[in-house]
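Lettering of chains follows the sequences in order, A, B, ..., and the numbering in each one begins at 1. All values reported here derive from a predicted model rather than from experimental measurement.
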Number of protein chains: 2
Amino acid sequence: MKEFSIEKPIPYYEQFYHSIKKMIFDGTYKPGERIVETQLAKQFGVSKSPVREAIRLLEKEGLVVVDDKSRVMVYEPTLKDVEDIYYCRMALESFAVSLTVALASDKELNEIKTALEEAERAIQRGAEASEIIALNAKFHRFIVQFTKNKRLQKQVDDLKSLTQFYRILHFQDQNRASIILREHQQIFGHIRSRNKEKASQEMITHLEHDLAHITQVLQQMT
Amino acid sequence: MKEFSIEKPIPYYEQFYHSIKKMIFDGTYKPGERIVETQLAKQFGVSKSPVREAIRLLEKEGLVVVDDKSRVMVYEPTLKDVEDIYYCRMALESFAVSLTVALASDKELNEIKTALEEAERAIQRGAEASEIIALNAKFHRFIVQFTKNKRLQKQVDDLKSLTQFYRILHFQDQNRASIILREHQQIFGHIRSRNKEKASQEMITHLEHDLAHITQVLQQMT
DNA sequence: GATGATTTGTGCGTATGTATG
DNA sequence: GCATACATACGCACAAATCAT
């Protein structure tokens, strides 16, 4: 009997992978900004090897890009990239929702419902944007999760992370949260009545709106 | 005017990434087999750093997995994994084909047609399995390519590579090539008549058959 | 089993070459 | 042309796991 499990040390390169990713998400490193492995290594007080390996992971994930002179920069999607990513999400998440309609138990449907209700209350009491975003993400995540397809989950997660930085832009518009909630509720309605076609079509429509909104906001910025 | 462009040296880690990937695909390293970075470094006559970085790329791609003791092994998908991967492909490639129906020029449709005709001739003259496989891959690739969505292409390519090793299993069955060709022709028929729904449904059916066949062959092996 | 030898992965410091100003 | 900054790659040291005796 081992009462206490031995804590295995997590390799630096893995820790850095998460740290750098977090820094990209929270805006410490902004899209297009350069990442210098020498500086990171110094900053964390370690050698460059683990930093380089972490960067290779991020490179393959697409969150950083390496130019022809081996300089590393944070991924800055073009408008076309954002569109491409959203079209992939439409393909995967509309498929996911139709699978979930077929497979999800009543208990699981209730979890989705609860998330929607939480989101509704959060909006009503004027909660922080980050909290509402998290609850919205929960809705999407549940739907994919209930397909029981791990690969699908990974694909969707990776795609989302590529536009993660722009998430917050949604909420410059105050009504946006309510609109999103209403669309989520509509999708859920079709899931609960076990209507594959409508649920999956509604998911596509929802993502189209999301894309249109992001596109609009991005164009205003430039 | 620079008549001769300077060839920039490709970093070792990138070269190794491709080399190792090739070795996985051609069976030099088999699924589940261990990959030892020390040996690879010695074999190629370099230090371990670039080998490690190449492995990080492959790790993120999913072609190798790292266990809890940091040992690296070639990815060996379970039956459930193969199913999950194929369901993702159904989502992405059925979406792709409906986009291609909408977007592809007549010239592009002709390229698909040519690939199918080449495949037909290759089968008739009893060509090598590898050649027929390549032509089949061309068919699928064209369809995704003509969506002009680079991200979609990448997603599909990455998914395919995860079951790449099992490709060859198809052709233990002699009729298999003809069946695949017929299904491809059917899909193409719907593309040419610009019928989104049928084309995309036929693509799903085709991939379902492919999955069923691989599943069957894999079960016979064990 | 216990113990020493070997293999292997982790991480560091340094040298070298290349681009930048 | 020179100095600086940076990425690439190497060899070494250390630790953990594995194997042999």
Check your understanding: Which nucleotide sits closest to the side chain of Y12(A): dG11(C), dG11(D), dG9(C)?
Key -> dG11(C)
Practice item. Nearest whole angstrom, please: distance from the P of dT4(D) to the NZ of K42(A). Key: 14 Å
Exercise for review: Provide, to the nearest angstrom, the distance between the CG atom belonging to D67(A) and the P atom belonging to dT18(C).
Suggested key: 16 Å
Check your understanding: Nearest to the side chain of R34(A), which nucleotide is it out of dC12(C), dC6(D), dA15(C)?
Key -> dC6(D)
Exercise for review: Taking only the side-chain nitrogens and oxygens of R52(A), find out if one of them lies under 4.0 Å from OP1 or OP2 of dT8(D).
Suggested key: yes
Review point. Within less than 4.0 Å of OP1 or OP2 of dA5(D), is there a side-chain N or O belonging to R71(A)?
Key: no
Point to revise | Closest to the K48(B) side chain, choosing from dA13(D), dT8(D), dG11(D) | key: dA13(D)
Exercise for review: Could you check how far CG of L40(B) sits from C1' of dT7(C), rounded to whole Å?
Suggested key: 15 Å
Check your understanding: For E37(B), which contact category applies under a 4.0 Å heavy-atom criterion: base, sugar-phosphate, or nothing?
Key -> base
Check your understanding: Starting at the 5' end of DNA chain C, which residue's closest nucleotide do you reach first, P50(A) or K69(A)?
Key -> P50(A)
Check your understanding: Does OP1 or OP2 of dC6(D) have a side-chain N or O of S70(A) closer than 4.0 Å?
Key -> no
**Study point:** Distance in angstrom units between F16(B) CZ and dT8(D) P, rounded
**Key:** 14 Å
Check your understanding: Over how many whole Å does the gap from R56(B) atom CZ to dG9(C) atom P extend?
Key -> 10 Å
Exercise for review: Determine: side-chain N/O of T38(A) to OP1/OP2 of dA7(D), distance under 4.0 Å, yes or no.
Suggested key: yes
Review point. Which of these, Q155(B), H206(B), H140(B), sits in a side chain to side chain donor-acceptor pair (under 3.5 Å) with E93(B)?
Key: H140(B)
Review point. So does S47(A) get a side-chain nitrogen or oxygen closer than 4.0 Å to the phosphate oxygens (OP1/OP2) of dC12(C)?
Key: yes
**Study point:** Any donor-acceptor N/O pair, K42(B) side chain to Q39(B) backbone, under 3.5 Å
**Key:** no
Review point. Just checking, any donor-acceptor pair under 3.5 angstrom between side chains of E53(A) and Y12(A)?
Key: no
**Study point:** Over-ring placement of R151(B) relative to Y87(A), 6.0 Å and 45° cut-offs
**Key:** no
Check your understanding: Taking it one step at a time, do I24(A) and V64(A) satisfy side-chain contact (heavy atoms from CB on, under 4.5 Å)?
Key -> CA-CA 9 Å; I24(A) 292 174; V64(A) 305; 4.0 Å; yes
Review point. In whole angstroms, how far is the C1' atom of dT8(C) from the CE atom of M73(B)?
Key: 14 Å
Point to revise | Whole-Å gap separating P (dA16(D)) and CG (D68(B)) | key: 15 Å
Check your understanding: Heavy atoms under 4.0 Å, any strand shown: does V46(B) hit a base, just sugar-phosphate, or nothing?
Key -> sugar-phosphate
Study note, to complete from the structure: From CD1 of I10(B) across to P of dT8(D) the rounded distance in Å is 13 Å
